[in-house]
Amino acid sequence: MALLARETAWRRGPVPRDLDGITVPLGHRLITGGRYLQWSDSGYGYYHAPGEGIVIERPDGADPDEEALWLNGSVYAGVACLNGFLPLHASAVAAGGQVIAFTGPTGAGKSTLAAGLGQLGFPLFCDDTLLVDLHSTAGLIAMPGHKRLKLLPDALALAGAAAQAPVGAETGKFYAQPAAGDVGQPLPLAGLVFLEAGPETLWQEIRGAQRFVRLEDDHYTQEIFREAAQPGRAELFALRARLAGQVAMARLGRPISAAGFAASLALVATRIREFAR
């Protein structure tokens, strides 16, 4: 926690245009030598070096909401990867001193499910990006999320959540207060649930080699992890073996409808309580 807090602390200042003589154009990033440099299309600059935190350069007339989206998204993930953490594209809740995470492609309903579970008493652990501590030798430890819960209007209604401030000018999403609060300390990662659309509501355990297949995450955070950690094939295999061997996995299929959401919420709550026991 102290390491993440130190390395992700930010301040304003000038950001370099290049690293090691390589110019980074707008809309691109470069990770090299433990350093992270990114320039957004709109002219926001972000720079991180070991022990120095993050420097942000804001262009004139920029949307201030955009600054936070980059800082809490790819920049945070990049700095975390450089410091020994693995990002998973997941939202998660806590139960019985453990973390149950929900993953799937953008639009799969991860945040909506986490928000709905909050109405049933499960506190939010993270939204959209889950960091796993690779330093630990005592199991897989998940780090509490830094991101606020973000939902589209229809998801707010579905999960029974109240809208707060809008998330940027163009996302269409709103920040939402977790109904059961959130968790602020690291906890063991106990389960990873893959969300899928389907004709019926079902929970199916994932075993054996299918666990490796399911861990083929193509989210941008995995691209950042490969750029930052530069793992070889053997390292990636060992990492996936560690995840597959220590975390229970399941797939949750459900119709994309209000009725399907209600049924899946009840089913997931039952399974989470079983994890907690």
Side-chain angles (χ1 to χ4, degrees), residues 1 4-5 8-12 40 42 44 46 54 56 58-59 61-77 79-80 87-95 99-131 142-187 193 195 219-221 256-258 260-262 264-266 268-269 272:
M1 292 287 286
L4 270 178
T8 59
W10 64 272
R11 67 186 187 279
R12 299 199 190 283
S40 74
S42 62
Y44 269 106
Y46 300 86
I54 299 169
I56 303 175
R58 177 190 286 184
D63 176 7
D65 291 328
E66 181 188 344
E67 177 180 299
L69 292 176
W70 287 114
L71 177 63
N72 294 326
S74 58
V75 177
Y76 185 90
V79 173
L88 298 178
H89 188 204
S91 296
V93 298
V99 174
I100 311 299
F102 308 99
T103 186
T106 300
K110 300 179 292 296
S111 299
T112 311
L113 184 58
L117 288 167
Q119 302 291 335
L120 300 180
F122 297 98
L124 180 73
F125 189 80
C126 70
D127 183 42
D128 192 55
T129 301
L130 173 68
L131 291 183
M143 307 302 292
H146 66 290
K147 290 187 175 183
R148 299 165 64 187
L149 191 60
K150 303 182 291 295
L151 298 170
L152 290 166
D154 57 344
L156 286 164
L158 203 58
Q164 296 180 314
V167 182
E170 300 179 0
T171 67
K173 294 183 177 182
F174 293 84
Y175 291 111
Q177 182 69 30
D182 53 39
V183 175
Q185 71 270 6
L187 292 173
V193 182
L195 304 185
H219 191 244
Y220 76 88
T221 52
I256 304 301
S257 65
F261 179 77
S264 64
L265 198 61
V268 171
I272 287 178

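Residue numbers count from 1 along this sequence.
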Task: For Glu66 against Ser42, the heavy-atom pair lying closest together - done: OE2-OG, 2.6 Å
Task: Residue pair Asp182 / Pro123, side-chain heavy-atom distance below 4.5 Å - done: no
Task: Min side-chain heavy-atom separation Phe102-Leu117 under 4.5 Å - done: yes
TODO: Output the distance between atom CG (Leu149) and atom CD (Gln164), rounded to the nearest 0.5 Å.
DONE: 9.0 Å
- [ ] Return the minimal non-hydrogen interatomic distance between Ala176 and Leu156, and the atom names on each side.
- [x] CB-CD2, 3.8 Å
Open item on the list: To the nearest 0.5 Å, what is the distance between CG on Leu88 and OG1 on Thr103?
Closed with: 7.0 Å
Task: From Asn72 atom CG to Lys150 atom NZ, the distance as rounded to the nearest 0.5 Å - done: 7.5 Å
Task: Nearest atoms (heavy-atom pairs only) where Gln185 meets Phe125 - done: O-CE1, 3.5 Å
Task: Nearest heavy atoms of Val99 and Ala142, plus distance in Å - done: CG2-CB, 4.2 Å
Open item on the list: For the backbone of His89 and the side chain of Thr129, can you confirm whether one donor and one acceptor N or O come within less than 3.5 Å of each other?
Closed with: no
Open item on the list: Taking the side chain as everything from C-beta on, heavy atoms only, tell me whether Pro144 gets closer than 4.5 Å to Cys126.
Closed with: no
Open item on the list: Quick one, Val193 and Val268 - any side-chain contact, counting heavy atoms below 4.5 Å?
Closed with: no
TODO: Taking the side chain as every heavy atom from C-beta outward, state whether Val167 and Asp65 have any pair of such atoms under 4.5 Å apart.
DONE: no
Task: Euclidean distance, Leu4 CG relative to Met143 CE, rounded to 0.5 Å - done: 5.0 Å
Task: Step-by-step side chain to side chain contact (heavy atoms under 4.5 Å, CB included) determination, Tyr76 to Leu131 - done: CA-CA 10 Å; Tyr76 185 90; Leu131 291 183; 3.3 Å; yes
- [ ] Kindly compute the distance separating CG (Asp127) from OG (Ser111), expressed to the nearest 0.5 Å.
- [x] 3.5 Å
Task: From CG (Leu158) to CG (Leu152), nearest 0.5 Å - done: 11.5 Å
- [ ] Would you check if Phe122 and Ile100 make a side-chain contact, meaning some heavy-atom pair closer than 4.5 Å?
- [x] no
TODO: Heavy atoms only: give me the nearest Ala115-Ala159 pair and the separation to one decimal.
DONE: CB-CB, 3.7 Å
- [ ] Using atom types as modelled and distance alone, determine if a side-chain donor or acceptor of Lys110 lies under 3.5 Å from a backbone N or O of Asp128.
- [x] no
Open item on the list: Contact between Tyr44 and Leu71 at the side-chain level, heavy atoms closer than 4.5 Å - yes or no?
Closed with: no
- [ ] Please report the closest heavy-atom contact between Leu120 and Ala269, naming both atoms and the distance.
- [x] CD1-CB, 3.8 Å
TODO: Kindly say whether Glu67 contributes a backbone atom to a donor-acceptor pair with the side chain of Tyr46 at under 3.5 angstrom?
DONE: yes
